[in-house]
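Let me begin by presenting the structure, written as structure tokens, before commenting on it.
Proteins come first, then strands; the chains are lettered A, B, ... in the order of their sequence lines, and each starts at number 1.
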Amino acid sequence: MSHEQLPKKPNAAEPWEIEGTRPLVEIRGVSKHFGDVVAVEDAWLDIYEKELFSILGGSGSGKSTLLRMLAGFETPTSGRILIDGKDMTAVPPYERPVNMMFQSYALFPHMSVEQNVAYGLKREGVAKAEIADRVAHMLDMVRMSRLAKRKPNALSGGERQRVALARSLIKRPRLLLLDEPLAALDKKLREHTQFELMGLQDELGITFVVVTHDQEEAMTLSTRVAVMNDGRFEQVGTPGQVYEFPINRFVADFVGTINFLACKVTSCEGGRAELESVEAGETLHARLEQPREPGSTGWLAVRPEKIFISKERPEGDSRTVLRGVVEDLGYFGNLSVYRVRLPSGKILQVSGQNRVRTARKTVEWDDEVFVSWDVGSAIVLDE
Amino acid sequence: MKKRGTGLLTIAAFGYAFLYVPILSVVVYSFNDSRLVTLWGGFSLRWYKSLLENEEILGAALLSLQIAVVSATVATVFGTIAGLALHRIGRFRGRTLLTGMITSPLVMPEIITGISLLFLFITLSDWIGWPGARGAVTITIAHITFSMAYVAVVVRSRLAGSDESLEEAAMDLGGRPLRVFFDITVPTIAPAMISGWLLAFTLSLDDVVIASFVSGPGATTLPMLIFSKVKLGVTPDINALATVIIALVSVGVVAAALLIRRKT
């Protein structure tokens, strides 16, 4: 996957790691109920200046409601929202230093591109000459100057997205909220726009909060990700933390692909656990962050790319090795994905980089193979 | 192009003939030189001329136009407010009932609307001494009550098809609610408001039943006048008048239809 190859910015310390940094957005115990329906329940979250923060969740997870509360379109049932240290809980949307890019883009159909972008400045009472300057500059930035006089319905999806972005950035908000910013674009355009968004954010130094259901998008874009489920945050962390150190089965499953093997802890000593698993058909080992009670059940989780597939039994005693049969394989050019059936009937998904240039497959359908992983690559999770 | 059966075409031709031949004959005979309505005596504009000289008819036409303009305008304002309210005030108990109730004047027989409004005016006049005499004002009020239902329905359906995040976006960009209403909401529903106005205007210009009930001595609208004149036999100048009204109404209806159909 592409996000693994992206170089991380060399930061000495991230703002959320420095004690005493004032967050730009503080969400303090916010809940939102619609009648009997709980949309958001007791959410606590700090977002720091210049972050590109993603709220990741499925539909109905409460992510959009949370965003709408930041924008001021919904008032929390309880809890408080602070932006730049000021309590914004009861401040109407038109008085917040926040702008939003809507999923539908919500471009005003009766106004031209130019008028759409100028609207925010006009309402602010900025002088005409300055409006013209800033609009021209902004349209230049999103490469829409050529189409400034067009009406929104004469634009393509990608062009509308850029106009919507320009319109929401023109007031130079402290915080920009983006609701599924790339959902309406096709795949190629989405990848391209992703990097454009990151570039713009870097250039303008505005804090972005992105709501998305697309985990790949969240991983690529973000400084940090909050995984939301049933109105609560399951985990908040950097893409790497969320991917490699998910705190529960939901997060592990929602972010990327992962294999689960049901297991029972037989012994646990010095951060190393011995596990019994019927599905694996063998005794497994794993390193634990926190000790677990012998006898407790859980899930051993391994990502497909951490698993090595081979026809000969691999060497090394720090590896877990299982036997299986290749049930299915998919060739993607840069990598191949295998579905390996263990003797118990459990299917493991394995992916491998195709490092050697060859037209012949080294592993074929119905081959007897060994799948193995380093003990440190597996994690043990609760339900 | 696909060939259609001649049978179907014949049926369609008869259908349209049934609808339009009577109207066309009125238009044609309005240019008849003969004094006898059923006998063609050559082309002439004399009935149009005599129409222009008939003060009674002109007075009634002017009154009808005044009533139509005022009632359509007031109905558009009230109907728009009602349409907005029904759309905006989320779900509440009895919303379906209220929505249904606002459309009931559309299906209510005019004669019932007429009688009930007449009772209302009589009762009001007993209780509070107003309206003292029935006439143009009571007709206007009556027309507003039933035509605002049409406006409300048209505006509501326009709002139902619009993107609600438009208003949120405007508010997000610093527009206060009233400002957003005029910047975004009004342009969005403007086509519905105009077509609603035209509809109300046409309805008012057409109405004879309700006006007959709620009018008083001295206030005779054009349809009322025609109706009473026809009782004594159709004269050719009525044909001319009818042609003028047909022209006005068709322009109104066509304009309303075009505006309803037009997408933003």
Are there over 12 heavy-atom neighbours, none belonging to [X], within less than 6.0 Å of that residue's [atom1]?
X: A:Y94; atom1: OH; answer: yes
X: B:E164; atom1: CD; answer: no
X: B:F14; atom1: CZ; answer: no

Legend entry - Flag side-chain contact, heavy atom, 4.5 Å: B:L166 against A:P109: yes
Inset, instruction - Report yes if the side chains of A:Y119 and B:D183 come closer than 4.5 Å at any heavy-atom pair, otherwise no. - result: yes
Legend entry - Largest heavy-atom contact set with chain B, pairs under 4.5 Å, which of A:M100, A:K151, A:R96: A:M100
Legend entry - A:N99 side chain to B:D172 backbone, donor-acceptor under 3.5 Å: yes
Legend entry - Separation of B:R179 CZ from A:K122 NZ (nearest 0.5 Å): 7.5 Å
Under a 4.5 Å heavy-atom cut-off, does chain B meet the side chain of [X], its backbone, both or neither?
X: A:M111; result: side chain
X: A:F108; result: both
X: A:I170; result: neither

Legend entry - Interface moiety of B:A190 toward chain A, non-hydrogen atoms closer than 4.5 Å: neither
